[in-house]
Amino acid sequence: MAAPEAELVLKWEREQARLRQNVKEEDTEDWQRNADFSGLERVGGVDLSFIKGDDINACAHLVVLAYPHMKVLYEDCKMVTLNAPYVAGFLGFREAPPLLQALEKLKNVQPNLMPQVLFVDGNGLFHYREFGLACHLGVLSDLPCVGVAKNLLHVEGVVRSEEHQSQALRSSQSSIKPVYVSVGHRITLDTAVRLTHNCCLYRVPEPIRQADIRSREYLRCNFLTSDIT
DNA sequence: GCGACAG
DNA sequence: ATCTTGTCGC
């Protein structure tokens with residue numbers, strides 16, 4: 001069957017165009033206006049980890065850290081089954097559902113720990129149609145979101161050059177490889193970049209890093225692939 | 001034209 | 001996303 005995805009992609013493009021209209025590229029929170037972000041106490045991070053040969057079962061992780069200490073206040077991990085395939089440019093349709101469920105769960109069990117801003121592993125407006133995973137998650141949850149990608153997405157009109165990486169951010173002088181920060185929802189690029197900087201202990205902002213480390217750890221302990229002979 | 005292309 | 005050990009350096 002040649003490209004059963006074509007039809008799906010067209011449907012997805014329409015959906016992204018529709019949801020794109022709801023993205024807010026402005027600072028909507030009071031803490032975002034403060035130079036020191038006073039008023040900000042909780043920052044969240046989400047990530048999915050997979051087992052080597054399996055691309056439909058994954059571990060969905062949500063963490064909430066205290067700002068600015070970056071100490072873990074909440075952690076939720078759950079094995080999920082993904083329905084959509086990975087297609088560059090449509091990450092949201094694959095990863096947003098389980099992550100939204102994790103946020104929904106948090107709202108029910110510990111509403112007081114709901115993060116005031118969420119760091120998402122992937123792009124926001126820096127996307128083919130200006131609607132990456134961070135926007136997708138932002139619009140559907142209506143939570144301020146920041147997109148942080150570890151690799152460059154080749155968007156037409158944007159060339160890979162050091163000079164053009166105005167969105168690139170290097171956490172320390174020792175790390176040359178940049179991360180790409182973009183607006184997800186309810187935040188400006190300037191605020192997103194400043195916040196990201198403040199949340200970086202290493203190259204990747206701590207919320208995302210913790211979600212990544214912990215989800216991997218979970219898989220390592222529960223789904224060992226090595227056999228005992 | 002072919003390849004590239006977040007996770 | 002995932003496969004993967006040691007190693008050099010602060």
Side-chain angles (χ1 to χ4, degrees), chain A residues 3 5-6 8-9 12-13 16 20 23 45-62 77-100 102 118-138 145-161 164-165 167-169 171-185 189 192 196 201-205 207-227:
Chain A
E5 272 178 14
L8 182 61
V9 165
W12 281 350
E13 286 181 339
Q16 290 185 323
R20 169 70 182 85
V23 174
V46 289
D47 188 39
L48 291 191
S49 284
F50 298 78
I51 306 176
K52 53 182 180 182
D54 189 343
D55 60 340
I56 67 167
N57 292 300
C59 176
H61 217 93
L62 165 64
C77 190
K78 183 188 180 185
M79 286 307 295
V80 299
T81 299
L82 303 181
N83 305 305
Y86 168 68
V87 181
F90 301 94
L91 240 198
F93 297 96
R94 176 172 165 80
E95 304 196 348
L99 297 178
L100 285 168
L118 190 65
F119 277 95
V120 181
D121 201 339
N123 295 299
L125 289 177
F126 185 53
H127 176 271
Y128 304 129
R129 291 164 295 280
E130 296 192 315
F131 196 73
L133 175 60
C135 295
H136 205 126
L137 221 44
C145 286
V146 176
V148 180
K150 296 182 290 295
N151 291 293
L152 182 62
L153 180 62
H154 295 353
V155 177
E156 68 174 277
V158 180
V159 182
R160 177 181 178 59
S161 67
H164 198 293
Q165 292 172 7
Q167 305 189 28
L169 182 153
S171 57
S172 71
Q173 295 134 358
S174 61
S175 178
I176 295 180
K177 186 170 184 179
V179 291
Y180 306 89
V181 180
S182 61
V183 172
H185 186 50
L189 179 59
T196 299
L201 272 55
Y202 302 98
R203 184 171 85 100
V204 175
I208 290 178
R209 183 168 166 272
Q210 284 304 319
D212 180 71
I213 290 175
R214 290 161 188 258
S215 57
R216 280 206 232 238
E217 167 77 357
Y218 181 84
L219 291 181
R220 191 165 64 74
C221 294
N222 300 285
F223 297 86
L224 265 301
T225 56
S226 61
D227 293 329

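The model shown is predicted, which means the values in this text are computed figures rather than measured ones. So that the names make sense, note that chain A is the first sequence line, chain B the second, and so on, each numbered from 1.
Between A:D47 atom CG and B:dA6 atom C1' there is a gap of 12 Å when expressed in whole angstrom units. In this structure, NE2 of A:H127 is placed 19 Å from P of B:dA4, rounded to the nearest angstrom. At whole-Å resolution of the value, CD in A:E95 and C1' in C:dA1 are 8 Å apart. Remark: C1' of C:dA1 and CZ of A:R94 are 8 Å apart, rounded to the nearest angstrom. One interatomic measurement links the two molecules: OH of A:Y180 to P of B:dC5, which rounds to 11 Å at whole-angstrom precision. Here the C1' atom of nucleotide B:dG7 and the CG atom of A:L99 are 11 Å apart, to the nearest Å. As a whole-Å value, the separation of A:L133 CG from C:dA1 C1' is 13 Å. Atoms OH (A:Y128) and C1' (B:dA6) sit 8 Å apart, rounded to a whole Å.
No side-chain donor-acceptor contact under 3.5 Å links A:Q16 and A:R20.
Between A:H154 and the phosphate of B:dA4, there is no side-chain N or O to OP1/OP2 separation shorter than 4.0 Å. Phosphate contact (OP1/OP2 of B:dA6, side-chain N/O of A:K150, threshold under 4.0 Å): absent. One finds a side-chain N or O of A:R216 lying less than 4.0 angstrom from the OP1 or OP2 phosphate oxygen of C:dT2. An OP1 or OP2 oxygen of B:dG7 is reached within less than 4.0 angstrom by a side-chain nitrogen or oxygen of A:N151.
Note on A:R220 versus A:E217: salt bridge recorded, some NZ/NE/NH1/NH2 to OD/OE distance being below 4.0 Å.
Residue contacts shown for A:A149 are limited to sugar-phosphate atoms, with no base heavy atom under 4.0 Å away. Nucleic acid contact for A:G89: base, since at least one base atom lies under 4.0 Å from a heavy atom of the residue. At the heavy-atom level, A:F131 lies nowhere under 4.0 Å from the strands shown.
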Take A:R216 and A:D47 through the salt bridge (Lys or Arg N to Asp or Glu O under 4.0 Å) test and state the conclusion after the steps. CA-CA 10 Å; A:R216 280 206 232 238; A:D47 188 39; over 6 Å; no

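Put simply, A:Y86 does not rest on the base of C:dA1: the two rings are not both less than 5.5 Å apart at their centres and under 30° in tilt.
Side-chain atoms of A:N123 lie closest to B:dA6 of the nucleotides B:dC5, C:dT2, B:dA6.
If you look at A:H136 and A:F131, their ring centroids are closer than 6.0 Å.
One finds the SG atom of A:C135 at 4.0 Å from the CG atom of A:L125 (value rounded to the nearest 0.5 Å).
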